Amino acid sequence: MNNRTPIIELRGAPHLRKAPSVDQIMRNVVYALLPICGFAVYQFGLSALALILATTLACICTEHLFCRLSDKPTTIGDFSAVITGLLLALTLPPGFPLWMAVVAGFVAIALTKVMFGGIGFNVFNPALVGRAFVQAAFPVAITTWTPAFAPGRFTEFIPSTLTLPFVVPKSVAGWVERIAVDGYTGATPLALQKFGDGNLEHVTTQNADLFFGMTAGSAGETSALLILVCGAYLAVRRMMDWHIPAAMLLGAFVTSGGFYLVDAGAYPTPLFTLLSGGLMLGALFMASDMVASPTTPRGVWIYGILIGFLTVIIRLFGGLPEGVMYAILFGNAASPLIGAFTQPRVYGTGRKKATKP
Amino acid sequence: MQPDDLTFIFLNAFIINNFVLAFFLGLCPFLGVSAKLDTAWNMGLATMFVMLVSSLCAYGVNMLLVEFNLEFLRLICYIAVIASAVQLVEITIKKVSPELFRALGIFLPLITTNCAILGLALFQTFKEYDFLQCLVYSAGAGAGFTLALMLMAGLRVKLDLADVPSISRGSAISFMLAGILSLTFMGFAGLGGH
Amino acid sequence: MADLHHKPTPITMDTFLRGIWKENPVFVMLLGLCPALAVTNTTMNAIGMGLATLFVLVCSSALVSLLRSVIPKQVRIASYIVIIATFVTIVDYAIHAISLELYNALGAFIQLIVANCVILGRAESYASKNRVTKSVVNAFGIGIGFTFALLCLGTVREVLGSGTILGYSLFGESFQPWVVMVLPPGGFFVIGAWLLLFSWLKERKQRKILKQEETARATG
Amino acid sequence: MGLKQLLGLGKATFSHGIHPPEYKAVTGSKAIRRLYFAPEMILPLSQHFGAPSIPIVHEGQEVVRGEVVARADGFMSVPLHAPATGIIKSIGLTRTARGPRVPAIVLKLHAGVSQEVLYDSPQDTSEMSPAAVIDAVKETGMVGLGGASFPTHVKMTVPEDHKVHTVMVNGCECEPYLTTDHRVMLEYSMDLFAGIQVAMKATGAEKAIIGIEDNKPDAIKALRNACPADGSVTVGVMETKYPQGAEKMMIKALIGKEVPSGGYPSSVGVSVFNVATLAQLGALLPQGHGLIERVVTISGPGIEKPGNYLVALGTPLRFVLDQLGFQGDARQLIVGGPMMGSSVASLDVPVTKGVSGILILTEEGISKQIPKKTWPCIRCAYCVQACPIHLNPSELGMLAAKRQYETMEEKYHLNDCFECGCCTYVCPSGIPLVQYFRIAKAINRENRERAA
Amino acid sequence: MSGDVQSQSPPMPSSLSMIRTLGLIAMISGLLVVLVARYTEPIIKEKERLALEQAVFQVIPGVVQATATRVSFALSEDGLVRLDEETGTGEANLFAVYDDSGMLMGIALQAAAQGYQDVVRTLYGYDPKCECIVGLVIMKSTDTPGMGDKNTLEGNRQFMANFDALSVQLAEDQSRLAHAVETVKHGTKTGIWQVDAISGATITSRAISRGLNESAQKMLPLIARHLHVLKVNN
């Protein structure tokens, strides 16, 4: 082409871009999750590995399938389905039957994402909806915990893992008894604390154990330190809004601290609250899900604190030992409202002008 | 907490056994009036108000019926009382505050056919609540209805801007949303239960 | 509507069938959702609730239609409500007498049939304007449509949620029930799934028609 | 931001904004040089904001450099002067940078003429009344040289109910690549101070602040030294951040006040002028010259001789680029800065009053910058944290995608957006937010006009 | 809409005709309701009695349904009142079961406590001789199906075995239980007054034992006071 004939192609300003693209962000979240997955596999062995693979594959396949069905180009390239799959696996008990994990993955993508128009429109965190669904559907299987660092975990599966589809999983009680050593039992620190022996004595796990992940629990929630480090990686790279985890941890800390001050005998210490259960994982990787959280600076704080508060309330007074999942889902549900009431004050408009919903 | 503790009664109606999300009561307005935030808010307020009034009326009527051993007329009386209570509320609001009437007016007739109101009256009778408990129960139910309605409205406004696939557009997506909300509220089960 | 009295339209198959599919109260008109979701965690409950509603619907339609020339316009809604409440009370007692178990399972939702907009809607928009036989035939159609919808929901929920149908085990002991289906969220999910299925079928049909038209145009 | 300022840690600035790479080193150190005259000049009649000028010459007429060739059409308009001595070739439609054709005068230069300005009427502004100063400014045809091309005399006319106490001189030049203001401040500082005096006189302000970003320490130092001893003119240093040079942002940074939404800087007692504008004014007014040339940064990886050049207005881009060694095509060409400038529709468009820079980017550079794919908004809120006006571009963008333009205006303050491009710059989904907003505003304006 | 309709509607008919119509409708409905209520009342009563009886007999081991009799009592601080089928007006809260010779076989009591979703109601059998709970049925539980519902609970043999002989021995002063009934984590039962929880349904298990404890703490001291009356059916 003659370079004297200009090619008319008007591009709008700005002509500079800086941001990481969506797939870059998503890929980095995956990188940040990989060490946690690695630790889960190290801790729980083959079953955790199978679980992670199962949910991830289920999520990817579901997304691909629906894209094919609706004649759209496949969207699995943006890694968001992978994130959903990994997060889902990390929140499930390590011995969770694989077929149930696949159900969870399918529900997560189909119900929360595809249904609403794909990435960017999932008003709830898909992984959590998937988990909440299987929690309601298979309440027994999802509260069956197995001990960490079981001997022979790299050579054999936890018996419940390989349950046939649509079949009740085998009881793992006998297996746990056989392999349990050094006092590692299947009970999670939270369950011990809540349903501890007798009605009054609460058994609390050592904070150091919680910090380094030497306990039973969901596949990827056990090591607070590792999760913090991986989350910090994202926050430093500005691929996660650090305000949300900060607000959520603050909310949980203050709420549980308040109760602890009122009655130190009945309530766990705030530190225990922060380190136990899925609070860390939820705060750093799920509540901070960009799509389902508010976009306004003030809204982000309210959202985080609300989730932290609800988590503690459900843990202390609810029927379940763990409340992070429900608290975050509630936060997701409330985030449009929070957003509507906390629109930023626009430059040059009155200071007190509240935006009417 | 005891099951007849006032706080527990409130929480129970408010979030644990939310009228809309656990009992499916008041689904028509829940799906119909949740497209916008301000209408949802007004509808919630109107419902809460009517709930309070009709719950107290139903309490009185039930006392009379039990007194005269006429329990078999309960349903007929309740529905009549609720319908007239709504009318009365409408007239009173119109007189007292025309402004409020303008905001709530169009919702009031809708409320008459809202099964949550009748459901509230029936539940409180089955649970044999006393006057104060009825008051708290209806306040909780109304607040719970408003909460569910507002959450739904927020989500729907957000989804208005989404590229929702054509087959799930409309009511299907509302039901799925309600389902996820209901799933979320299951987390509150057992709250204060020990 | 005045001339409806003079020139009654004949009863056709459509009077009856309309309510079952084209104007299905639950799937199309989205009315009466409260009982449709609240009690359909088992097929038995769904049938019970469906039949109870059918009964109230038919009886109240008949009575309203019978009294349609007597009831003054101003008090018509009040009259309809009283009539409906009467039949609901009757059904309530009847179910209580027939089966305690069903009565306990349905609970307050039998009495809540009163607030089911399907019934009041039929009375107001159909029975008050048509002859008794026609109203009854139409009410039958609507009632069966309602029961059918409840069955659609109830069967799916019971089969998945407890692995049984009408209480009989389908898959044997080893089946893992999906408990969520008999819980409230399951109700929402199942009706949502049915609606999705229907709109998918509709869309496919439309696409087919479009394609046919296109090929017709191309060849013709 | 507020906290930092309170503790005296940070430099004066506004909240939010972005830090794009500067790319200023190449041209910032090069002195301004004059460019050759092109054989043919194109003078669009609308080089300013407001009504186009009305030609007062006819085809075939000879004009002298500096002569008025088109007069102002009313108050919101400025006259146009001949940039060179020559003959009027035609008066008709010609292309512009943004695409649509506009009426223009085409001037054919006489070869071998000295091109000295012979058309002037020296005057002394210090003896004139403010109104007379404003008239004199209008006669120079001066517009804002920062890019907006808003007639300077209009800006100097303070609304009756407002009082201006400060003239703010905008030397931020926050757009990457551009260094014209930087060079002007260094090389024409005396003219600048003269211009500041004119502006102060016209607006009735008692003091003036020259706002400069801290990435130009030499300019800060030079101007500080040159400031008059009475303290009426000071230099304010601001953090280097985009869009620090936007009026509203600079006012916020320097005096901490916010211009009310929909209002003018004069509502908070401020008038803002670009340094290049005032420097030019300071040079032109005493001699009664018209605006016929300006300093343009020509930069970017696609040009052999980047630098700051004094270019006669009306010079076609093709000529400029030929002179400086460019072999590409129009796709890599941007008129203005990279953040707010536009890519050009044709190489035949001329340099006009508002052109502060011509950037030649490489095709690879562009394709690396502009995302190949657009994702739906993932609500990352980067844009919310970038918008200097504190809008919610994410929400606005979603509304725009659904064509809910009225809601955007009523609920989300669309009209406060000044299209700085920060939101698009940071958007990981590659959503062309600014373009959306531009379209939305245009459609709303159209609808309003249709309704009226 | 209302304004629209009113403008079209014919002039108000006389209020008399309105009242007449409403009166007519009220009469028809009243008649229907009363008829049905009167007809079904005995059937309903009989069914409820049977259901209760069945439950009561179920919680007392060794009952021969054909020969055993059930007597309802209202027991409170004010004393023990025998409620006969015909004369009884008060609320029954104690059901005594006698064998064919009129000797007390056991006592059925009601208990309730807030469970996971709603109140869990139970009926339990108390044997005064061994001072223990000898049987339990779940009357109502809406807790998670598959975990805490009636069928799952009653189908869990291991859990129900807790109530084959759960000690509710009274303390020395006869005013409270020697050991409160309490739930312990699955597999850690040590005392005969402890309930071994169902793993996974801890809340429901706890609700049951809490209900039992509350009811027993309140009723058993009262029963002890009136045991001589209850012992023989007369």
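First the proteins, then the strands, lettered A, B, ... as listed; each starts at 1. Remember, predicted model here, so these are calculated numbers, not experimental data.
Interatomic distance, CG of D:Leu359 versus NE2 of A:His15, reported as 8.5 Å (0.5 Å rounding). We find the OG1-NE2 distance between A:Thr296 and D:His390 to be 12.5 Å, quoted to the nearest 0.5 Å. Atoms CG and CD, from D:Leu391 and A:Gln343 in turn, are 9.5 Å apart once rounded to the nearest 0.5 Å.
Within the 4.5 angstrom heavy-atom criterion, no atom of A:Asp289 approaches chain D. Only the side chain of A:Ile25 comes within less than 4.5 Å of a heavy atom of chain D; its backbone N, CA, C and O stay farther away. Both the backbone and the side chain of D:Lys248 come within contact range of chain A, each with at least one heavy atom under 4.5 Å from a heavy atom of that chain. Of the atoms belonging to D:Cys427, it is backbone heavy atoms, and not side-chain ones, that fall under 4.5 Å from chain A. Both the backbone and the side chain of D:Thr424 come within contact range of chain A, with heavy atoms under 4.5 Å apart. In this structure, chain A has no heavy atom under 4.5 Å from any part of D:Glu419. At a 4.5 Å heavy-atom cutoff, the contact between D:Val259 and chain A is made by backbone and side-chain atoms alike.
Between chain D and the residues A:Ser293, A:Gly120, A:Gly117, the most heavy-atom pairs under 4.5 angstrom are made by A:Gly120.
Between A:Thr295 and D:Val384 the shortest heavy-atom distance is O-CG1, 3.6 Å. Of all heavy-atom pairs spanning A:Met290 and D:Cys380, the tightest one is SD-CB, 3.5 Å. Residues A:Thr349 and D:Glu258 approach most closely at N-OE1, 4.4 Å, considering heavy atoms. Of all heavy-atom pairs between A:Leu16 and D:Pro20, the closest is CD1-CB, 4.5 Å. A:Pro20 and D:Pro428 get closest at one heavy-atom pair: O-CB, 2.8 Å. Contact detail for D:Lys257 and A:Tyr347: the closest heavy-atom pair is O-OH, 3.8 Å.
The number of heavy-atom neighbours closer than 6.0 Å to OH of A:Tyr233, taken from other residues, nucleotides and ligands shown, is above 12.
A cation-pi arrangement is present between A:Arg238 and D:Tyr382, with the terminal nitrogen or guanidinium carbon under 6.0 Å from the aromatic centre and inside a 45° cone about the axis.
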Apply side-chain contact (heavy atoms from CB on, under 4.5 Å) to A:Ser21 and D:Trp375, showing your working. CA-CA 9 Å; A:Ser21 63; D:Trp375 283 272; 3.9 Å; yes
Assess whether side-chain contact (heavy atoms from CB on, under 4.5 Å) is satisfied between A:Arg17 and D:Val426, documenting all intermediate values. CA-CA 6 Å; A:Arg17 303 291 173 95; D:Val426 297; over 6 Å; no
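When side chains are defined from C-beta on, A:Val346 does not count as touching D:Ser261, because their heavy atoms never get closer than 4.5 Å.
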